[in-house]
Amino acid sequence: MSLNNELAKLFNTMATVLEIKGENTFKVNANRKVARELEELLDDIGSIQKISDIKGIGKSSAIKIKTYIETGTMEGYAELVNSIPSGLLELMNVQGLGPKTVGRLWKEIDVVDIATLKTAIEDGRLESMPRMGKKTIQNIAESVDFLKQHAGRWRIGVAMPLAEELIRKIKCISGVTNVKYAGSLRRGKETIGDIDILVSAMDEQLVAESFCNFENVDKVLAKGETKCSVRVAEGLQIDLRIVSEESFGAALMYFTGGKEHNIILRERAIKQDKKLNEYGLTPSKICDTEENIYKDLGLPWIPPEIREDRGEIECEVTPRLIELNDIRSDLHCHTTASDGYMSIEKLAEEAIARGFHSIAVTDHSQSQGQANGLSPERLRAHIHAIKQVNQKYNNIQILAGSEVDIMPDGTLDYEDELLNELDIVVASPHASLQQNTPDATARLIRAIEHPLVNIIGHPTGRIINKRKGLEPDIPSLIDAAHANNTALEINANSYRLDLRDIHVRAACNGNAMLSINTDAHRPEDFNQLIYGILTARRGWALPSNCVNCMELEELQTWLALNC
DNA sequence: GCCGTTTTCGGCCCGACTGTTTTCAGTCG
């Protein structure tokens, strides 16, 4: 775990403990804010001179951070955390249990973790507490079971298709005038906690009723006049907000977030003697669209992906972020020659259907035995086959490439002589992904500096919710990538999204080129390009930051720089 | 605990829903 994340975890834990102990909520929130700043900090916290210059981190937290960096311990942390049973922290993850209840469970009936909570439910002690009725207890019991089965968040690749399907169904309900998803899904985050859907309709009751009765709804968690929450068979929670057409924009803005962005907008409204909530900006004019509200607040419309209070509000002109239609090529795809399911022709046709001017065939290299990686002889034959197929098409350029393994020491999996025969080289780490930071950094920089490498594929090798992957020093990689004209990939596969959003932002700031590719193995994988685009947008990437947005001639010139 | 274009002290976003109780506390987003 990086130092930033390590510290963020400590501050989050402190916040939770303070919450359970019933401390001032503003103090709790201040600790959470410090944690969030640390999580999203681009630079290593250890390299920052004046920590208290970071917005949201004050003197007191700065001292704690500094001591931790120097000594490995944080003053007061152990004392605070040891002041409550450690199991109370996991109890806070049970839906429906908040700090007040957890505190009471502990003090009044000696519940200290999930196991003792289950016992207390079984032996009737919970029922003896005030405000603990049968329904509440049943909900808690169900949430405990649910937590055991589904810890964590869902990949955007799961959440978005599900949300789109729900929206299609909601649109079919009679009288529905507008429906959109909001929340972290709309902001394009790599993982989603739950799906927020906004709807306006002539008959609100009919919408609520129909929604709660959709066939894949497992459990109705809440059902009111303006809000319904359900859990669907996949395990995700879906919140449906029913709003009027006039306040659709305000509601969309409110429920899209992010939280910090919203707070700043509300504070801005207050300074202008106005009030902003999910119903509108009052006293004001029309709040049916987000554009109108931003305009009333004296701001340009801000794309959802960058609504994170990371400088977007201070920005005078909203950047023209990269869009799906800007992409003109896919430079990392597989065929049946290695572990893909498509022929070279199929790749070409998929690319043509998407309006690309070129596509790169980049099958695995020889070390990837389990992925049927190509021996040098097979690669030579494959290059020949690719060139043959390329001659058949006049509306697509098929590039002969390879996804060549970066070995643990940073050397490549083929000799330079063979790499020289390729149009494009994507170099990726696949094995030895537990290397320490200095080794991983040296390994990747060596590949970046290799004169024949054009793109570093999925630079960390992480798999979301499954594998941490390498933790190289990202600023060093970016410097090297910029200096050597090597692009860093945003692998669009929703399991990977590697580089991730904050690294994309750092890469753009450091003038390193990006390459957004699907790493397609099957035809449907091309549809995941959107997740790469959303990740790029979250990193404030412009079309000019991405080699896949280049026209053919420009791309060929760029590729020729490293050959 | 953090912050300052009214402030170095005194604020800090706010509404919906549930389950319980009978007017509201707690949780959630």
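Every heavy atom of this structure was used, including side-chain atoms; hydrogens, water molecules and symmetry mates were not. Lettering follows sequence order; numbering is per chain, from 1.
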In whole angstrom, give the distance that lies between atom [atom1] of [X] and atom [atom2] of [N].
{"X": "A/I270", "N": "B/dG10", "atom1": "CD1", "atom2": "P", "result": "19 Å"}
{"X": "A/Q95", "N": "B/dC28", "atom1": "CD", "atom2": "P", "result": "6 Å"}
{"X": "A/Q138", "N": "B/dG19", "atom1": "CD", "atom2": "C1'", "result": "12 Å"}
{"X": "A/I137", "N": "B/dT18", "atom1": "CD1", "atom2": "P", "result": "19 Å"}
{"X": "A/I263", "N": "B/dG15", "atom1": "CD1", "atom2": "P", "result": "14 Å"}

Contact class for [X] vs. all strands (heavy atom < 4.0 Å): base, sugar-phosphate, or nothing?
{"X": "A/G257", "result": "nothing"}
{"X": "A/N29", "result": "nothing"}
{"X": "A/K55", "result": "sugar-phosphate"}
{"X": "A/P130", "result": "nothing"}
{"X": "A/K259", "result": "base"}

Taking the same atom, [atom1], in [N] and in [M], what whole-Å distance lies between them?
{"N": "B/dC2", "M": "B/dT7", "atom1": "C1'", "value": "14 Å"}
{"N": "B/dT20", "M": "B/dT27", "atom1": "P", "value": "14 Å"}
{"N": "B/dA16", "M": "B/dG11", "atom1": "C1'", "value": "25 Å"}
{"N": "B/dG1", "M": "B/dT5", "atom1": "C1'", "value": "24 Å"}

Is there a side-chain contact between [X] and the phosphate of [N], meaning an N or O under 4.0 Å from OP1 or OP2?
{"X": "A/S61", "N": "B/dC2", "result": "yes"}
{"X": "A/S60", "N": "B/dG1", "result": "yes"}
{"X": "A/K271", "N": "B/dT7", "result": "no"}
{"X": "A/T136", "N": "B/dT18", "result": "no"}
{"X": "A/N139", "N": "B/dG19", "result": "yes"}
{"X": "A/S229", "N": "B/dC17", "result": "no"}

Donor/acceptor link under 3.5 angstrom from A/Y279 side chain onto base of B/dG15: no

Residue mapping more 5' on DNA chain B - nearest nucleotide basis, A/G98 or A/N24: A/N24

Pairwise 5' ranking along DNA chain B for A/D239 and A/S52, keeping only the more 5' one: A/S52

Name the closest nucleotide to the [X] side chain, picking from [options].
{"X": "A/T101", "options": "B/dC14, B/dT21, B/dT27", "value": "B/dT27"}
{"X": "A/A30", "options": "B/dC2, B/dT27, B/dT21", "value": "B/dC2"}
{"X": "A/T226", "options": "B/dG26, B/dC17, B/dC14", "value": "B/dC17"}

Would you find more than 12 non-hydrogen atoms of other residues, nucleotides or ligands less than 6.0 Å from [X] atom [atom1]?
{"X": "A/K21", "atom1": "NZ", "answer": "yes"}
{"X": "A/E215", "atom1": "CD", "answer": "no"}
{"X": "A/K169", "atom1": "NZ", "answer": "yes"}
{"X": "A/Y495", "atom1": "OH", "answer": "no"}

Any-strand Watson-Crick or G-U partner of B/dT8, both distances under 3.5 Å: none

A/S143: which of A/L97, A/V94, A/N93 passes side-chain contact (heavy atoms from CB on, under 4.5 Å): A/V94

Residue that, paired with A/L18, satisfies side-chain contact (heavy atoms from CB on, under 4.5 Å) out of A/N29, A/I84, A/N31, A/T25: A/N31

